[in-house]
There are 2 protein chains.
Amino acid sequence: MCESARPRAPRRDAASHREALLDAARVLLNEDPETSLDTIAAAAGLTRRAVYGHFPSRNTLLTELAERGADRVAGAVARASSEDPVVDIALLGRLVWDEIEHVRAMTRVVVHGPLRERIGPALGPIHDRLVADAARAAAIGTGRADLPPEVVARLIEGAAFTVLDESTRAGLSRVEGRRLVILAGLGALGLSWREAHTVLDENRALLDEETAR
Amino acid sequence: MCESARPRAPRRDAASHREALLDAARVLLNEDPETSLDTIAAAAGLTRRAVYGHFPSRNTLLTELAERGADRVAGAVARASSEDPVVDIALLGRLVWDEIEHVRAMTRVVVHGPLRERIGPALGPIHDRLVADAARAAAIGTGRADLPPEVVARLIEGAAFTVLDESTRAGLSRVEGRRLVILAGLGALGLSWREAHTVLDENRALLDEETAR
DNA sequence: TTGATCTTGCACAGCGGTGTGCAAGTTAGT
DNA sequence: ACTAACTTGCACACCGCTGTGCAAGATCAA
């Protein structure tokens with residue numbers, strides 16, 4: 001009744017080693033997107049040879065890592081939203097920030113290679129929501145109306161990544177980074193810095209430690 | 001009188017081939033910062049083997065390319081300035097935009113490798129000027145005062161690179177890109193999108209075809 | 001025309017990476 | 001304690017890249 005053909009369940013540490021590999025890959029790929037399997041395996045406390053016991057190829061590992069990151073971010077983003085497009089954009093910035101490491105590792109991997117098709121769909125919704133928010137904000141008169149919403153969305157995404165880079169360079173804390181990514185995003189949307197702070201003041205939950213529901 | 005010890009001047013095409021190599025490298029490195037010598041030589045109409053007749057190593061080629069780009073940008077930037085810090089930032093965006101290909105190739109190369117020390121000094125002045133402008137703009141009340149000038153400068157630089165990427169992705173024309181890079185930079189400085197357009201309207205020269213003096 | 005200069009095509013060594021095979025060891029389920 | 005599952009360390013083949021040597025050819029200056 002239990003296993004069909006396998007006489008024995010897989011060893012318990014197999015799963016944990018697998019996780020260790022994915023963890024190590026995520027951390028190391030944040031620094032160098034072309035880190036070798038040797039380095040990753042060593043960081044996970046294993047040998048390069050042992051990796052092939054869990055993943056048939058290097059690319060398989062990277063793909064799974066990227067897919068997990070995409071799922072994680074997509075999940076967090078789907079769980080929260082706001083009626084006000086400006087607040088929603090701030091919220092998106094905050095949520096993505098909370099997943100920086102995953103986002104960074106993911107994008108670093110996705111850039112090189114034909115993974116765009118597999119990851120795109122998971123990340124597409126975020127972009128779509130940004131475009132919609134930008135359009136609505138422009139219609140209301142709070143967001144910029146001088147550029148197509150598509151371009152505004154790209155500017156906001158770019159601002160977020162700039163903060164991501166700046167955070168590793170300057171060693172920003174999570175709290176500082178969270179504030180900065182929101183301010184930068186709203187600036188790209190066309191708000192003045194005073195207006196951006198007004199949004200923050202009226203929506204204190206954006207900076208709360210716990211993720212808003 | 002003429003040559004000191006050399007019985008013959010170098011062949012005329014040697015210099016042109018050398019330029020062709022640097023040109024090809026600049027173009028190709030804009031797409032892939034790790035393009036092989038083989039690819040670069042082929043694009044220049046030469047063989048990989050011939051490259052070593054001009055440059056002792058791959059790294060030498062990249063270094064010279066980066067140094068040239070840095071000099072070019074630094075020269076353009078040193079030739080123009082404005083009293084108004086906000087206008088000056090817009091001007092910097094415009095000047096850098098005019099040298100995109102060089103800037104991109106340069107940064108792509110500089111990221112990997114210990115060239116930062118050799119290139120930094122040439123590019124440092126731009127960053128310094130951005131920091132100073134950000135500080136002055138904040139003091140006047142036109143620029144954002146909620147972040148240290150150093151961070152504001154990074155945001156502006158990041159916005160510029162975002163536009164650079166967006167331009168290749170969306171195939172922006174030079175004119176469109178020039179306008180976009182200025183708007184994005186002023187947004188990062190904390191201006192609202194309406195204020196940014198006011199700056200543009202009052203300084204039409206920023207969008208002129210010829211470089212301002 | 002002459003001859004140095006530059007290019008080419010080949011071959012070779014070296015480096016670092018991936019992916020595999022296999023025998024021996026270790027670990028954790030039953 | 002037994003045994004399958006997992007790890008290790010070695011070996012190897014393969015790939016793409018850099019850098020070098022050398023002989024033969026093309027090209028341009030004098």
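Numbers restart at 1 for each chain; the letters A, B, ... are given by sequence-line order, proteins then strands.
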Engineer: Please determine whether a side-chain nitrogen or oxygen atom of B/H17 lies at a distance below 4.0 Å from atom OP1 or OP2 of C/dC6.
Structural biologist: no
Engineer: Distance only, no hydrogens: is a donor on one side chain within 3.5 Å (strictly under) of an acceptor on the other, for B/S16 and B/E19?
Structural biologist: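 No - no donor-acceptor pair under 3.5 Å links their side chains.
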Engineer: Looking just at side-chain N and O atoms, do B/T63 and B/T60 make a donor-acceptor pair shorter than 3.5 Å?
Structural biologist: no
Engineer: How about A/L186 and A/W193: do any of their side-chain heavy atoms sit closer than 4.5 Å?
Structural biologist: no
Engineer: Would you say A/H54 reaches D/dC6's phosphate, i.e. side-chain N/O to OP1/OP2 under 4.0 Å?
Structural biologist: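 So the side-chain polar atoms of A/H54 never come under 4.0 Å of the phosphate oxygens OP1 or OP2 of D/dC6.
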Engineer: Report the C-alpha separation of A/E150 and B/E166 in whole Å, then their side-chain angles, then the decisive distance to 0.1 Å, and conclude whether the side chain to side chain contact (heavy atoms under 4.5 Å, CB included) test is met.
Structural biologist: CA-CA 11 Å; A/E150 175 71 29; B/E166 171 71 3; 5.6 Å; no
Engineer: Please determine if a side-chain N or O atom of B/T47 lies less than 4.0 Å away from the OP1 or OP2 oxygen of C/dT8.
Structural biologist: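 True: B/T47 side-chain N/O within range (under 4.0 Å) of C/dT8 OP1/OP2.
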Engineer: Where the side chain of A/S36 is defined as all heavy atoms beyond and including C-beta, which of D/dG9, C/dG17, C/dT8 is the nearest nucleotide?
Structural biologist: C/dG17
Engineer: C/dG19, C/dC22, C/dT7: which one has an atom nearest the side-chain heavy atoms of A/R49?
Structural biologist: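 My answer, after comparing the listed nucleotides, is C/dC22.
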Engineer: Tell me whether the OP1 or OP2 atom of D/dT18 has a side-chain N or O from B/R58 closer than 4.0 Å.
Structural biologist: yes
Engineer: Should the side chain of A/R48 and the base of C/dG19 be counted as holding a donor-acceptor pair, with the cut-off at 3.5 Å?
Structural biologist: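 Looking at the base of C/dG19, it does pair with a donor or acceptor on the side chain of A/R48 (distance under 3.5 Å).
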Engineer: Which nucleotide wins on minimum distance to the side chain of B/L37, given the candidates D/dG9, D/dG19, C/dT8?
Structural biologist: D/dG19
